[in-house]
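Take a look at the structure set out below.
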Amino acid sequence: MTVLAAFIQNLATQDAVLVTVQTSRGSVPREAGAWMAVFAGHTLGTVGGGQLEWQVIQHARQQLKSGEPKQMCRYPLGPALGQCCGGEMTLQFERVGAQDTSELAQRLTAQQSSWPLVALFGGGHVGRALVAVLQTLPLRLHWIDSRDEIFPPDLPAQVLCEHSQPVQAAVADLPPGALVLIMSFSHAEDLDVVAACLLRQRQQADLPFIGLIGSRTKWASFSHRLLARGFTAEELAQVTCPIGVPGIVGKQPEVIAVAVAAQVLQVVGQTSSGH
């Protein structure tokens with residue numbers, strides 16, 4: 001269950017204070033839009049941890065007792081809080097209850113529409129392990145496979161599943177800026193998806209990352225076949241294979257998933273900073 005789903009479920013039986021980062025300046029632990037829900041006996045989410053979060057929780061629980069609907073507080077992150085970040089955060093404290101669940105679900109889900117999109121081709125062991133990691137991150141996930149009944153039930157809202165036959169047909173409909181990860185059940189499908197991505201790059205140049213699971217030997221074979229299809233060496237250089245940050249060893253799906261997720265976050269950071 002996601003943090004958002006747990007928040008909405010808990011609100012059915014008890015009120016909470018939703019704490020949201022409204023603005024931030026300088027070095028701060030969380031960005032604008034980050035939130036946490038403070039209930040009488042527990043919390044969900046985080047606005048930064050440490051002494052800041054301890055004070056935020058105390059303030060929110062006082063608001064639960066007083067019944068005040070909404071407050072705004074500014075927190076300088078300096079010696080007074082015992083945090084050396086040096087920045088400043090403005091937080092909104094909003095009392096919410098069961099009557100607010102529909103509006104809150106819409107509002108907090110809408111924040112996810114601005115998250116980067118990862119298009120994952122393949123629902124095998126590594127694909128499933130990767131989804132388990134990616135669905136916990138501020139990312140939207142478009143999960144694609146050619147096989148029926150491959151996707152598990154009860155996925156969070158930011159995971160969109162698509163059955164596509166042939167699988168490479170889904171490439172044309174990906175939104176601009178999608179990060180593509182290719183790990184289907186067959187090398188033939190992988191090759192077709194890579195080719196479709198490179199053709200799209202030739203026409204639109206709007207996929208910032210194309211990653212292919214496999215060894216250098218696999219990529220050498222793919223390169224030979226893609227060159228025979230008319231792609232150039234410069235175009236093939238747009239594909240990253242093997243995928244995953246270097247230095248992480250292990251063949252277990254969970255290990256590969258962590259390495260690939262870390263690489264995705266690196267690419268997102270480089271893309272958002274304009275590098």
Side-chain angles (χ1 to χ4, degrees), residues 2-8 10-11 15-40 42-64 66 68-97 100-101 103-118 133-141 156-158 175 177 179 208-209 245 261-275:
T2 66
V3 174
L4 175 56
F7 176 33
I8 298 302
N10 280 218
L11 274 183
D15 286 0
V17 169
L18 174 63
V19 184
T20 309
V21 180
Q22 296 295 298
T23 63
S24 62
R25 178 182 59 81
S27 178
V28 294
R30 291 302 305 272
E31 70 287 352
W35 60 271
M36 72 180 300
V38 181
F39 293 87
H42 68 284
T43 66
L44 293 167
T46 178
V47 292
Q51 182 69 11
L52 164 70
E53 194 155 291
W54 186 85
Q55 289 198 14
V56 165
I57 292 170
Q58 303 314 305
H59 185 101
R61 286 185 173 147
Q62 285 298 321
Q63 186 175 343
L64 272 176
S66 70
E68 187 171 347
K70 189 175 292 188
Q71 298 178 359
M72 200 79 73
C73 297
R74 182 175 63 87
Y75 290 86
L77 303 180
L81 277 179
Q83 296 189 215
C84 57
C85 299
E88 182 179 282
M89 301 170 71
T90 301
L91 305 181
Q92 176 180 277
F93 293 74
E94 178 184 7
R95 186 184 176 110
V96 293
D100 304 304
T101 54
E103 185 273 333
L104 285 171
Q106 291 179 359
R107 187 205 313 176
L108 297 177
T109 301
Q111 291 181 0
Q112 299 173 358
S113 64
S114 63
W115 290 355
L117 175 72
V118 176
V133 176
L134 294 180
Q135 70 180 11
T136 67
L137 303 175
L139 301 167
R140 291 173 294 143
L141 186 58
Q158 73 266 27
L179 283 67
F209 184 79
V245 294
Q263 187 172 47
V264 166
L265 292 177
Q266 285 181 336
V267 174
V268 168
Q270 293 164 359
T271 303
S272 61
S273 65
H275 295 153

Kindly indicate whether the side chain of [X], heavy atoms from C-beta on, has any atom under 4.5 Å from the side chain of [Y].
{"X": "N10", "Y": "H42", "answer": "yes"}
{"X": "M89", "Y": "P29", "answer": "yes"}
{"X": "H59", "Y": "V38", "answer": "no"}
{"X": "E31", "Y": "V21", "answer": "no"}

Rounded to the nearest 0.5 Å, what's the gap from [atom1] on [X] to [atom2] on [Y]? Could you check?
{"X": "K70", "Y": "F93", "atom1": "NZ", "atom2": "CZ", "result": "13.5 Å"}
{"X": "L179", "Y": "L134", "atom1": "CG", "atom2": "CG", "result": "10.0 Å"}
{"X": "M36", "Y": "T43", "atom1": "CE", "atom2": "OG1", "result": "4.0 Å"}
{"X": "L44", "Y": "L11", "atom1": "CG", "atom2": "CG", "result": "9.0 Å"}
{"X": "Q106", "Y": "D100", "atom1": "CD", "atom2": "CG", "result": "12.0 Å"}

Can any side-chain N or O of [X] pair as donor or acceptor with the backbone N or O of [Y] at less than 3.5 Å?
{"X": "E53", "Y": "G48", "value": "yes"}
{"X": "Q158", "Y": "Q135", "value": "yes"}
{"X": "Q63", "Y": "V17", "value": "no"}

### Partner residues of Q266 under the side chain to side chain donor-acceptor pair (under 3.5 Å) criterion, sequence neighbours left out
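Partners of Q266 by the side chain to side chain donor-acceptor pair (under 3.5 Å) criterion come out as none, since no residue qualifies.
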
#### Entry: Counterpart residues, side chain to side chain donor-acceptor pair (under 3.5 Å), relative to R74 (two or more places apart)
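Residues passing side chain to side chain donor-acceptor pair (under 3.5 Å) with R74: E88.
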
Grab the two heavy atoms, one from [X] and one from [Y], that are nearest each other, plus how far apart they are.
{"X": "R30", "Y": "T46", "result": "NH1-O, 2.8 Å"}
{"X": "L64", "Y": "A40", "result": "CD1-N, 3.8 Å"}
{"X": "V3", "Y": "W35", "result": "CG1-CH2, 3.8 Å"}
{"X": "S24", "Y": "A32", "result": "OG-N, 4.3 Å"}
{"X": "V19", "Y": "A60", "result": "CG2-CB, 4.3 Å"}

### Task
Starting from the C-alpha separation in whole Å, work towards a yes-or-no answer on side-chain contact (heavy atoms from CB on, under 4.5 Å) for V28 and Y75.
CA-CA 10 Å; V28 294; Y75 290 86; over 6 Å; no

### Query
Going by the angle between their ring planes, with limits at 30° and 60°, are F39 and F7 parallel, tilted or perpendicular?
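If you compare the ring of F39 with that of F7, the planes turn out perpendicular.
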
#### Entry: Member of V133, V268, L117 meeting the side-chain contact (heavy atoms from CB on, under 4.5 Å) criterion with L139
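Option passing the side-chain contact (heavy atoms from CB on, under 4.5 Å) with L139: V268.
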
### Task
With sequence neighbours excluded, tell me which residues meet salt bridge (Lys or Arg N to Asp or Glu O under 4.0 Å) with R95.
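For R95, the residues satisfying salt bridge (Lys or Arg N to Asp or Glu O under 4.0 Å) (neighbours in sequence not counted) are D15.
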
